[in-house]
Amino acid sequence: MTRAADRLVETIRAHGLDRIFCVPGESYLSLLDALHGSEIELVVCRHEGGAGFMAVADARLTGRAGLAAVSRGPGATNASIAVHLANQDAVPLVLLVGQVARFERGRGAFQEVDYQQMFGGMAKGIWEVTEAERLPETFARAVHVAESGTPGPVILAMPEDMLGDTVTDPAVPILPVARASVSQEDARKAADLLAKAERPLLVAGGQLDTPHGRAALRKAAEAHGLPVGLTFKYQHIFDNSHPLYAGHLGFKIPPMQVKEMQKADLIIAVGTRLGDTPTQGYRLPKAPVPEQPLIHVYPDADAIGRVFRTDLGIAADPASFLEALAMLNSDVSETRKDWAGTLNTVARKLADQAPRDWEDGIDFGAVVIALADQAPKDSIVITDSGNFSSWVHCHWPWDGSQTAIGAVGGAMGLAVPAAVASCLRHPDKRVIAYVGDGGVMMTGNELATAVSVGAKPVIVVSNNATYGTIRLHQEKGFPGRVSGTGLTNPDFAAWGRAFGALGITISKGDDIASRIAEALAHDGPVVIQVNSSTEAISAYISISQIRAKV
Ligand SMILES: Cc1ncc(C[n+]2csc(CCOP(=O)(O)OP(=O)(O)O)c2C)c(N)n1
């Protein structure tokens with residue numbers, strides 16, 4: 001006798017997917033049973049937000065749909081942060097949700113939720129499977145939809161009684177994703193626009209975060225002397241020491257850099273949806289009518305021309321477009337060379353923020369520099385959301401080869417779960433997660449998961465006793481009126497030890513290099529508590545400087 005749940009497990013395997021992150025629930029016991037002894041690894045987490053974040057990070061690492069399984073109502077609501085993140089970050093995610101039994105549906109049963117309503121507007125597809133024979137087919141569609149076009153989240157709700165029904169139909173194989181290739185005509189049109197431009201800017205986004213994408217990016221940039229701006233959290237896809245590096249289009253980058261980039265006379269946006277952050281609040285390019293011609297290349301036609309009037313929209317694989325563009329000849333004028341040089345000088349100057357001596361704690365940059373000096377060059381780098389990440393953007397030696405994960409959608413709490421998922425996917429690599437004292441308390445409990453699965457991340461906590469990012473905004477808008485942004489923290493080193501990690505504290509006056517050496521020598525998970533300066537509120541500006549300006 002084969003249950004729908006057994007067939008689902010076979011179908012998951014047939015899709016080449018091998019790992020599910022979960023918090024168990026009584027609403028999907030048959031699936032848990034079907035996974036017993038199966039080839040699929042079940043990673044048991046401590047919060048559905050953590051499980052969802054791990055699935056998102058896993059998808060970022062594999063390029064395939066991440067899988068998370070959660071219980072109905074409370075489990076699904078906890079997991080919703082990952083659904084939102086997968087939507088904002090264009091990451092394929094399939095959330096398997098247990099649902100109340102079919103005879104209970106619509107009666108307001110225990111923990112019942114209508115997922116169509118709950119996730120409407122966030123997920124690409126939301127399906128509740130009421131016929132057991134349709135479960136494999138619907139799962140295959142869920143993976144297909146999650147991975148195609150603009151990747152994103154899909155919800156598969158499974159009534160608990162349906163999972164136990166007997167089925168006879170076979171497992172469903174993978175439904176391959178169609179990739180639109182670029183036509184010679186479109187590549188030629190792009191090259192023609194480029195030939196007329198003296199100050200072109202190539203804005204490269206997350207869809208190029210593959211070996212092929214990175215190689216094509218470099219090839220096209222070099223072939224045409226194109227300065228490359230990298231979208232938020234994708235600073236790692238192009239060598240930052242390359243003369244064509246034009247900067248990272250992240251949050252709160254100094255106005256000087258944006259002003260320079262706005263002088264572009266052509267923007268070629270490739271592999272990005274041109275959202276709020278990389279466009280610096282819809283100013284680069286300007287919405288709805290850009291101040292310069294715009295070429296926009298993205299796999300999903302629906303993402304092109306929605307917000308910006310686009311001179312040449314190309315719905316195609318971004319890496320193939322850059323490959324095709326690189327093949328077409330271009331004369332790189334002296335003006336273009338000078339333009340690229342100017343952008344490069346500005347970007348380098350801004351990244352050159354030497355650590356300073358602060359009275360109230362460590363400059364977080366000094367710790368990032370010490371880790372960059374000592375950690376293997378191919379370490380996987382995770383950044384949570386918060387101002388501490390500004391020092392990672394400035395000081396990590398991004399050479400275009402490393403793997404990095406951060407939340408484009410700005411969700412705090414990604415770091416520790418993403419670090420666990422990265423250790424599992426790449427047990428041979430060092431995984432370093434940077435996180436604030438705010439973010440680490442949101443999902444840091446997944447350190448328990450790390451220990452249970454033998455993951456050995458290095459978690460670096462910037463302990464500045466404040467929700468620093470918000471404090472920065474507050475100081476700009478309401479100087480000196482600190483409200484709702486202070487934090488009273490535990491001893492994070494002791495907290496790490498309680499999970500079985502090595503706990504290390506670095507305070508002002510300590511020998512940072514030797515503490516980092518101690519951390520990296522440890523064969524197990526590590527929590528480094530950095531007692532950071534609050535005054536140094538970001539790599540670019542201090543609280544006193546903000547107050548002096550206002
Ligand atoms: C889940 C979530 N809640 C709230 C926010 C709003 N937010 C953005 S950054 C931030 C503060 C981050 O503080 P911390 O982790 O301590 O890092 P810091 O900025 O101090 O370096 C907050 C509350 C968010 N982005 N995500």
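Order of appearance sets the numbers: ligands from 1, and atoms from 1 within every ligand. Quantities reported herein were computed from a predicted structural model and do not represent experimental measurements.
- T277 has its side chain out of reach of T231: every pair of non-hydrogen atoms, C-beta onward, lies at least 4.5 Å apart.
- Counting heavy atoms under 4.0 Å from ligand 1, residue V435 does not touch it at all.
- If you check which protein heavy atom lies closest to atom 8 (C) of ligand 1, you get I470 CD1, 3.8 Å.
- Inter-residue side-chain proximity for I267 and F308 is flagged as unmet; no heavy-atom pair is nearer than 4.5 Å.
- Numbered from 1 in the order shown, with element, the atoms of ligand 1 that lie under 4.0 Å from a heavy atom of G468 read 13 (O), 18 (P), 19 (O), 20 (O).
- Counting heavy atoms from C-beta on, the side chains of R64 and E147 come closer than 4.5 Å.
- Put simply, the side chain of S390 does not reach to within 4.5 Å of the side chain of F364, judged on heavy atoms.
- Nearest to atom 16 (O) of ligand 1 among the protein's heavy atoms is D437 OD1, 2.6 Å.
- The shortest N/O to N/O separation between S462 and ligand 1 does not fall below 3.5 Å.
- For the pair F251/N387, no side-chain contact is recorded, criterion being any heavy-atom separation below 4.5 Å from C-beta on.
- The shortest N or O to N or O distance between G410 and ligand 1 is under 3.5 Å.
- Short contacts between ligand 1 and N464, defined as distances under 4.0 Å to a heavy atom of the residue, involve ligand atoms 20 (O).
- No N or O atom of Y467 sits closer than 3.5 Å to an N or O atom of ligand 1.
- Residue G386 has at least one heavy-atom neighbour below 4.0 Å for each of these atoms of ligand 1: 17 (O), 19 (O), 21 (O).
- Of the N or O atoms in G438, one or more lie within a sub-3.5 Å distance of an N or O in ligand 1.
- Any N or O atom pair closer than 3.5 Å counts here, and I81 shares no such pair with ligand 1.
- Using a 3.5 Å distance cut-off with no hydrogens or angles, the side chains of E446 and T449 do pair a donor with an acceptor.
- Closest to atom 15 (O) of ligand 1, if we only count protein heavy atoms, is G439 N, 3.0 Å.
- Atoms of ligand 1 lying under 4.0 Å from any heavy atom of T466, numbered from 1 in the order shown and given with element: 16 (O), 20 (O).
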Tell me, with the steps shown, if W398 and L230 meet side-chain contact (heavy atoms from CB on, under 4.5 Å).
CA-CA 12 Å; W398 304 109; L230 299 160; over 6 Å; no
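- Among the atoms of A411, none of the N or O lies under 3.5 angstrom from an N or O of ligand 1.
- Looking only at heavy atoms of the protein, atom 21 (O) of ligand 1 is closest to F388 N, 2.9 Å.
- The backbone N or O of V408 lies less than 3.5 Å from no partner atom in the side chain of K233, so there is not a single donor-acceptor pair.
- No donor-acceptor pair closer than 3.5 Å links the side chain of D89 to the backbone N or O of N87.
- Shown here are the ring pair (Phe, Tyr, Trp, His ring centres under 6.0 Å) partners of Y234, two or more places apart in sequence or in another chain: H236.
- Side-chain atoms of T534 and N464 form no donor-acceptor pair, as typed in the model, at a separation below 3.5 Å.
- When side chains are defined from C-beta on, M442 does not count as touching F53, because their heavy atoms never get closer than 4.5 Å.
- Looking only at protein heavy atoms, the nearest one to atom 23 (C) of ligand 1 is M412 SD, 3.4 Å.
- Taking distance alone, with nitrogen or oxygen atoms compared against 3.5 Å, M442 stays at or beyond that limit from ligand 1.
- Looking at atom 19 (O) of ligand 1, its nearest protein heavy atom turns out to be T469 OG1, 2.7 Å.
- Of all atoms in ligand 1, listed by their number and element, those nearer than 4.0 Å to a heavy atom of N387 are 18 (P), 19 (O), 21 (O).
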